[in-house]
Number of protein chains: 2
Amino acid sequence: MALTEICADCAVRDRALCGSLDNGELAALNTIGQRRHVARGQAVAWAGDEAVICGNLLSGVLKLVAATADGREQIVGLLYPADFFGTPFSGQTDFTIVALTDAELCIFPRAAFERMLADYRRMERLLLQRTFESLNEARGRMLVLARKSAGEKVAGFLLDMAARAGEAGCHSSPDGPVTFDLPLTRGQIADVLGMTIETVSRQLTRMKMSGLIGLPGGRAVTISDREALAARAEAA
Amino acid sequence: MALTEICADCAVRDRALCGSLDNGELAALNTIGQRRHVARGQAVAWAGDEAVICGNLLSGVLKLVAATADGREQIVGLLYPADFFGTPFSGQTDFTIVALTDAELCIFPRAAFERMLADYRRMERLLLQRTFESLNEARGRMLVLARKSAGEKVAGFLLDMAARAGEAGCHSSPDGPVTFDLPLTRGQIADVLGMTIETVSRQLTRMKMSGLIGLPGGRAVTISDREALAARAEAA
DNA sequence: CGGACCCTTGAGCACGATCAATGTACGTGG
DNA sequence: CCACGTACATTGATCGTGCTCAAGGGTCCG
């Protein structure tokens, strides 16, 4: 199956980096890329290993994990469909990438991808822009991790997830109750926010008691009072 | 004074982004760049403002600051000579940039700089690589901020600063006591590490008591036992 | 000498981590 | 179909790190 055909039916065709390529260029991409499926929990890359691949995420969610020598973990980034992963020009990967859900990837050998960047300037430019965005996001997260309280962290996280769920499904109800499923377990939320599973749980129940949110069960969350939730995300 | 002359005597000529340009290209750069001096404490850019300039740091140290609505601050990055600052392709700056010491900048209008990137591919490539490095550093810092104890944070910070001081002066004494001046006040260290001024001070005196370091006075620090300090930077 | 700024040290407290028990949902095999 | 195992979530009790508030000392400069 030629990649051009694959690309034609690619779920993220217009949003991924390769959206900047025309059909002829996709044919070239064809020769070096391939699809791969990873199961939930499976690692895509290990911190410390040589960086041999990079690519785009087609479906599912990946986490980027940093860890201390003694096993403490911190999720330093989440990857959603159309996101690029891997570190071109870098000898080794600094972070472990693990699939949080079953996921589908479109991967390239790093060296070949770097040559491609040289050939397709629009793609390199796009990658530069995205990298700046990631950098800004990471820095913003540093403020959250270091200076925000548990309540602020969880409230802000819920708003982020609601925004992401909204832009996907786009039920377009700007206010009023919105319900969606969190793609993460409590433990993973804790890993993202730099807290413990118990504190996340307690904060969620507190917000339920205050009427800010509803917890219908499973991973579902209902934003009942977006205003108040936003206030809690900023309050000291 | 032509910029080419300026560039010729530029302190960071071989280390900055523009090190990738030849003399003819520097002449072009000449037409859009200019030097600027900023005093200690003075801001170079404000978070939320439109991003109009970017450039290279020639001398001094700058901080990149994120802040909450109610005034809590976090330093999300430090800039040293030869570092690039600013966010090309982004409408507004997300972080405030302030000079920690008197500093000298080489600044460009953002739009003009973006056009330059299009003309000089080596520079764009270099910027992409540097941005990836910054991203990795920011993510590594997320782990520190969220998961490390006060002692680990301070120990790791001292080692970082020692490494930086070493590569500048390069007294090349790999082991054995090394003495250098911290470029930051206790308060600024606290802002970098996500803690309070008091906790930083207490940790430093603890390390002095343990014989890991010496505090000769002023901003000076002596690394007496690098091994033990490194152990404390990793220990739980 | 006075004031500004930075640093150190102490006492007390609060937030969130830790330890522990129980509850809930789901899938598997007897 | 129910018993069981696993993984995830909730809730409680207790503890400790690091923040807060407060006082005092050092250094530099006008």
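Residue numbers begin at 1 in each chain, while the letters A, B, ... track the order of the sequences. What you see is a predicted model; the values in this text were computed from it and never measured.
- Tested against B:Leu143, the residues A:Thr68, A:Leu145, A:Ile75 include a single side chain to side chain contact (heavy atoms under 4.5 Å, CB included) partner, A:Thr68.
- Cation-pi geometry between A:Arg130 and A:Phe84 is not met at under 6.0 angstrom from the ring centre and within 45 degrees of the axis.
- The side-chain heavy atoms of A:Pro216 and A:Thr222, taken from C-beta on, include a pair separated by under 4.5 Å.
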**OP:** Treat primed atoms plus P, OP1 and OP2 as sugar-phosphate and everything else as base, then score nucleotides 7-21 of chain D 5' to 3': B for base contact with protein heavy atoms under 4.0 Å, S for sugar-phosphate contact only, - for none.
**Re:** -SSBBBB----SSBB
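- Rounded to whole angstrom, the span from the CD atom of A:Gln74 across to the P atom of C:dA17 amounts to 11 Å.
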Original post:
Run the side chain to side chain contact (heavy atoms under 4.5 Å, CB included) check on A:Leu100 and A:Leu78 step by step: do they pass?
Top reply: CA-CA 9 Å; A:Leu100 292 181; A:Leu78 291 174; 3.9 Å; yes
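- To the nearest angstrom, P of C:dC7 lies 12 Å from CG of B:Asp181.
- Between the axis at the start and the axis at the end of the helix from C:dC1-D:dG30 to C:dG30-D:dC1 there is an angle of 20°, using five pairs per end and rounding to 10 degrees.
- Salt bridge annotation for B:Glu137-A:Arg139: absent, with no cationic side-chain nitrogen under 4.0 angstrom from a carboxylate oxygen.
- At most 12 non-hydrogen atoms from other residues, nucleotides or ligands lie less than 6.0 angstrom from CZ of B:Arg40.
- In this structure, B:Met207 atom CE and C:dT8 atom C1' are separated by 16 Å, rounded to whole Å.
- Of all the heavy atoms in A:Leu58 and A:Pro81, the pair that sits closest is O-CB, 3.4 Å.
- Other residues, nucleotides and ligands contribute more than 12 heavy atoms inside 6.0 Å of the CZ atom of B:Arg13.
- Here C:dG10 presents its P atom at 14 Å from CZ of B:Arg206, a figure rounded to the nearest Å.
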